[in-house]
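Start at 1 and go down the list; that is how both ligands and their atoms are numbered. If you read the sequence from its start, that first residue is 1, and numbering goes on from there.
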Amino acid sequence: MTGKAAYYITTPIYYVNDSPHIGHAYTSLACDVLARFMRLDGREVFFLTGTDEHGQKVEKSAAAAGRDPKEFVDEVSERFRALTELMNYSNDDFIRTTEERHIRSCQELWRRIAANKSPKGRDNIYLDTYGGWYSVRDEAFYGEGELIKGADGEKMAPSGAPVEWVEEPSYFFRLEDWRERLLEYYSGGAVAPVSRHNEVESFVKGELFDLSISRTSFSWGIPVPGDDAHIMYVWLDALTNYITAAGFPDERAENWDYWPADLHVIGKDIVRFHAVYWPAFLMSAGIPLPKRVYGHGFLNVEGAKMSKSLGNVLSPKDMVDEFGLDQLRYFLLREVPFGNDGSFSREQIINRINSDLANDLGNLAQRVLSMISKNCDAKIPDPGDEGPDSGLAVYSALSGAQALRDKLRAHAERQAFHDILEEVWKVIREANRCVDEDAPWALRKTDPAKMATVLYVLAETIRHVAILLQPFMPDSCGRMLDQLSVAEDARTFDDLASPLVPGMDLPKPEGVFPRFVEEEA
Ligand code: MSP
């Protein structure tokens with residue numbers, strides 16, 4: 001570690017029962033944007049993603065495919081790794097729960113939990129028999145009272161997943177004894193947004209059952225230390241990935257300085273596991289707790305839940321091919337506030353591509369750069385001695401741009417991506433308005449020095465915008481900065497303070513955000 005402030009951010013690790021879809025891409029994208037943002041803002045970032053490979057659900061999928069589980073998980077995990085390339089994620093590690101480092105880590109975590117007493121002085125782990133409902137799809141145990149009725153009166157998990165009756169010897173975790181400590185943790189604001197905080201708080205205030213943390217009726221998992229007849233419950237195994245990657249159990253490992261994580265980003269479906277079970281396991285093992293858990297909303301398609309049976313599961317690859325990578329990255333975080341559910345429709349993405357990207361940002365860059373190319377000898381113009389008191393409108397856009405960093409930082413701390421983008425777009429729209437007001441094309445004949453000032457201030461505004469939008473659209477913003485001849489090592493948020501140098505040669509301008517035109521049928 002370099003002495004910069006650390007920032008450790010994680011995605012959920014994805015089940016390898018099937019190929020990744022746009023919902024998986026969405027969570028990881030949010031993490032990627034934050035990881036890039038924090039790196040540019042001077043933090044020492046560790047960004048982790050990976051795959052969750054044990055448990056009954058994965059075992060069953062392998063069997064259904066007629067495959068050996070290890071071979072099967074190797075292949076499906078590779079598809080998630082390919083997703084990180086496709087989507088241009090900047091993850092620093094990709095963890096798989098079948099790796100040796102992870103097995104060691106889980107077993108040591110178990111030993112520590114078992115070696116400690118609960119706040120009520122009881123053993124944290126005890127052996128008993130589990131008799132109750134289990135959903136393989138959710139990999140979750142449910143109490144009778146939590147179940148709902150399906151269309152044919154059958155019992156179902158609250159998520160709508162089928163449940164089956166399970167009865168087998170099991171180790172239990174003394175969850176109930178950790179209630180007060182969990183409530184204290186929530187009172188510090190660790191769970192966001194507030195709707196998720198309320199949900200877990202009321203869950204923990206209610207009747208808390210001890211949690212079954214081992215299984216004996218199948219074998220695709222990590223053996224419980226000292227009792228090979230049991231494998232660990234897949235969620236205990238999976239959650240532990242976050243400390244494995246930080247080097248656990250080697251607390252002298254370099255990566256251990258990243259722990260506790262600054263942020264676990266997850267979907268709203270798995271809040272209970274991350275905000276109740278995970279901190280309880282960690283507390284019982286004497287390990288510090290993650291600083292924040294954010295449960296975002298779900299993406300639906302044209303108003304409907306994505307599902308195989310509806311045939312509306314969106315493939316990230318198809319969407320990138322059709323709309324463009326940065327266009328998709330922008331759209332996913334722009335359209336819907338991150339904590340809310342949102343719907344994807346073709347019409348919405350095409351609208352955003354054409355109005356926000358092509359018309360607002362693309363057009364601003366294109367017209368300013370081509371005016372500079374034509375009228376300023378293809379060099380960064382000289383701003384002269386004019387300043388904000390000159391009465392030129394463009395200075396208002398620039399001062400808006402200069403105020404962005406602090407505002408964006410505050411929004412990034414709250415995972416408010418749509419607020420970040422709205423803030424930047426206010427400046428972009430203002431810059432476009434100022435181009436019209438100052439009309440540099442008219443100044444060309446009457447006052448060329450003033451025209452140079454206007455174009456310089458606009459170029460400087462675009463530089464700010466392009467630097468600040470890099471986390472969302474790394475390639476496109478990189479190309480915009482190339483066109484302004486901004487050196488690759490001068491693109492961090494600290495570099496915002498070093499203005500463009502007049503006289504620098506500029507390459508021939510090229511549009512970065514084309515309009516999306518529907519192909520004729
Ligand atoms: N393996 C567990 C997580 C273990 S983390 C220690 C798991 N995996 S999963 O493959 O089912 O992925 C769940 C996550 O994918 C969700 O929490 C969410 O982040 C993301 N999404 C899956 N479908 C989604 C949508 N339709 N919309 C948005 N995100 C969704 O649960």
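- At the top of the distance list for atom 12 (O) of ligand 1, counting protein heavy atoms only, stands Tyr14 CD2, 3.6 Å.
- In terms of heavy atoms, Phe47 sits closest to Cys31 at CE1-CB, 3.6 Å.
- Contacts of Glu139 with ligand 1, taken as heavy-atom pairs under 4.0 Å, are absent altogether.
- The residue Lys268 has no part lying near ligand 1, judged by heavy-atom distances below 4.0 Å.
- Nearest protein heavy-atom contact of atom 26 (N) of ligand 1 is Leu299 O, 3.1 Å.
- Pairing each heavy atom of Ala280 with each of Leu182, the nearest pair is N-CD2, 4.0 Å.
- Residues His418 and Phe338 keep their aromatic ring centres 6.0 Å or farther apart.
- Atoms of ligand 1 lying under 4.0 Å from at least one heavy atom of Tyr242, given by number and element, are 5 (S), 6 (C).
- The aromatic rings of Trp178 and Phe173 lie parallel to each other, with less than 30° between the two planes, well short of the 60° mark.
- For Arg112 and Glu108, the salt-bridge test passes: some basic side-chain N is under 4.0 Å from an acidic carboxylate O.
- With respect to the salt-bridge test (charged N to carboxylate O, under 4.0 angstrom), the residues Glu99 and Arg96 do not qualify.
- Ranking the protein heavy atoms by distance from atom 25 (C) of ligand 1 puts Phe298 CD2, 3.5 Å first.
- Rounding to the nearest 0.5 Å places SG of Cys477 at 7.0 Å from CG of Asp326.
- At least one N or O atom of Tyr15, backbone or side chain, sits closer than 3.5 Å to an N or O atom of ligand 1.
- Closest protein heavy atom to atom 20 (C) of ligand 1: Thr27 OG1, 3.4 Å.
- Between Phe46 and Tyr7, the distance separating the two ring centers is not shorter than 6.0 angstrom.
- Of all atoms in ligand 1, listed by their number and element, those nearer than 4.0 Å to a heavy atom of Asp52 are 1 (N), 2 (C), 4 (C).
- For the salt bridge (charged side-chain N to carboxylate O under 4.0 Å, His left out) with Asp419, the lone residue among Lys407, Arg414, Lys426 that qualifies is Arg414.
- Ring centroid separation for the pair Trp235 and Phe273 comes in under the 6.0 Å cut-off.
- Close approach to Met306 involves these atoms of ligand 1, each under 4.0 Å from a residue heavy atom: 26 (N).
- Ion pairing of Asp177 with Arg122 is present here, as a side-chain N (NZ or NE/NH1/NH2) and a carboxylate O approach within less than 4.0 Å.
- The neighbour count for Lys291 NZ, taken as heavy atoms of other residues, nucleotides or ligands under 6.0 Å away, is above 12.
- Counting heavy atoms of neighbouring residues, nucleotides and ligands inside a 6.0 Å radius, atom NZ of Lys268 exceeds 12 of them.
- Considering backbone and side-chain N/O atoms, Pro12 never comes within less than 3.5 Å of an N/O atom of ligand 1.
- Under a 4.0 Å criterion applied to the non-hydrogen atoms of Trp235, ligand 1 contributes the atoms 2 (C), 3 (C), 4 (C), 5 (S), 6 (C).
- Geometrically, ligand 1 and Leu239 share no nitrogen or oxygen pair separated by less than 3.5 Å.
- Close contacts between ligand 1 and Ala238 involve ligand atoms 6 (C) [criterion: under 4.0 Å to a heavy atom].
- Looking only at heavy atoms of the protein, atom 22 (C) of ligand 1 is closest to His21 CE1, 3.8 Å.
- Close contacts between ligand 1 and Ile270 involve ligand atoms 3 (C), 17 (O), 31 (O) [criterion: under 4.0 Å to a heavy atom].
- Interface of Gly23 with ligand 1, defined as ligand atoms under 4.0 Å from a residue heavy atom, comprises 20 (C), 21 (N), 24 (C), 25 (C), 27 (N), 28 (C), 29 (N), 30 (C).
- The shortest N or O to N or O distance between Asp269 and ligand 1 is under 3.5 Å.
- Contact atoms of ligand 1 toward His296: 19 (O), 28 (C), 29 (N) (distance under 4.0 Å to a heavy atom of the residue).
- Protein heavy atom nearest atom 15 (O) of ligand 1, with residue, atom name and distance: His24 CD2, 3.5 Å.
- For atom 3 (C) of ligand 1, the closest non-hydrogen atom of the protein is Ile13 O, 3.2 Å.
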